[in-house]
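The model shown is predicted, which means the values in this text are computed figures rather than measured ones. Read the numbers this way: they start at 1 and go in the same order the structure lists the ligands and their atoms.
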Amino acid sequence: MLTDSYKLKGQRTQLVNELKKMGITSQNVLRAVEAVPRHFFFPKDFIDKAYENIAFPIDNGQTISQPYTVALQTQLLEIKPGDRVLEIGTGSGYQAAILKVLGAEVFTIETVGILYNKANELFSRLGLNIHTNYGDGSLGLPSHAPFDKIILTAAAPKLLDNLTQQLKINGKLVAPIGNLDVQKMLLVTRIGDNEYQQSNHGNFSFVPLTGINGWSV
Ligand code: SAM
């Protein structure tokens with residue numbers, strides 16, 4: 001359903017209030033969550049769940065991330081208009097739309113064909129100019145590097161050098177890193193050619209990153 005309603009807008013405002021209570025402080029991120037109708041990216045039979053603060057199954061055993069997780073990862077990246085941002089794991093397309101609304105030039109890559117096709121079609125219908133790519137995001141997107149920001153929305157087994165090397169100096173990467181059950185949300189800033197700063201932002205549970213540098217599942 002690509003129409004909005006007062007009821008759904010009201011639910012979105014409630015979700016934003018919940019995110020504030022959970023510690024999301026970036027006004028830009030909160031405005032983006034308020035602006036992007038999450039139900040456009042949701043399985044159409046479950047629109048009534050679109051503004052619950054939960055991850056939800058989409059096609060092919062994948063998920064649309066929990067709104068809190070989307071908001072936190074986006075906040076950590078401190079997106080500025082014009083930033084070149086690579087998202088690994090397009091999924092429903094919701095996270096990419098949030099990045100786009102924040103003014104980023106968004107490159108997103110998805111390895112599941114049906115999800116890539118659906119997101120591609122949805123972005124066109126919504127008039128969102130997002131660069132979609134089909135392939136193995138564990139390799140990054142070297143043909144379009146370097147990026148100001150990189151976001152992984154699937155769990156990686158370790159911090160991948162080939163991805164941090166696709167960052168500009170002062171660029172930031174946010175990624176869930178750990179085992180298949182639980183991962184730490186790491187924020188990595190590239191401060192020199194081979195120098196990085198790292199901080200940990202809590203435990204999360206994502207679907208696995210597959211591909212050459214991911215998990216074989
Ligand atoms: N960002 C998505 C959203 O807003 O709906 C949620 C992403 S979902 C949690 C993780 C996605 O990563 C899945 O769609 C999965 O197919 C994708 N994925 C897993 N491994 C990948 C890889 N190597 N390259 C690209 N995408 C991958």
Below 4.0 Å, non-hydrogen atoms only: which portion of E110 touches ligand 1? Side chain, backbone, both or neither. both

Counting only heavy atoms not in Y196 (residues, nucleotides, ligands), do more than 12 fall under 6.0 Å from its OH? yes

Under 3.5 Å: donor-acceptor pair, side chain of H39, backbone of L2: no

Ligand 1 N/O within reach of G89 N/O, cut-off under 3.5 Å: yes

Applying a heavy-atom cut-off of 4.0 Å, say which part of T111 lies close to ligand 1: side chain, backbone, both or neither. both

The answer for which part of T90 has a heavy atom under 4.0 Å from ligand 1 is backbone

State whether the side chain of N53 and the backbone N or O of Y68 hold a donor-acceptor pair below 3.5 Å, judged by distance alone. yes

Which one of T69, I212, T210, D136 has a non-hydrogen atom at the shortest distance from atom 20 (N) of ligand 1? T210

What do we get for A96 next to ligand 1 when only non-hydrogen atoms under 4.0 Å count, side chain, backbone, both or neither? neither

Among all protein heavy atoms in this structure, tell me which lies nearest to atom 19 (C) of ligand 1, with the distance rounded to 0.1 Å. P208 O, 3.5 Å

For atom NZ of K49, is the number of surrounding heavy atoms from other residues, nucleotides or ligands below 6.0 Å larger than 12? no

Check this for me - ligand 1, G137, N or O atoms closer than 3.5 angstrom, yes or no? yes

Of the side chain and backbone of L209, name the one, both, or neither that has a heavy atom under 4.0 Å from an atom of ligand 1. both

Inspect the surroundings of NZ in K172 and state if more than 12 heavy atoms from other residues, nucleotides or ligands are less than 6.0 Å away. yes

Would you please say whether a donor-acceptor pair under 3.5 Å links the side chains of Q95 and S65? no

If you measure from each heavy atom of A55 to ligand 1, is any distance below 4.0 Å? no

With atoms numbered from 1 as shown, which atoms in ligand 1 lie under 4.0 angstrom from a non-hydrogen atom of E87? 1 (N)

Given the rule that I, L, V, M, F, W and Y join up when any side-chain heavy atoms are under 4.5 Å apart, are L77 and M22 in one cluster? yes

Would you say T153 has any N or O atom under 3.5 Å from an N or O of ligand 1, going by distance alone? yes

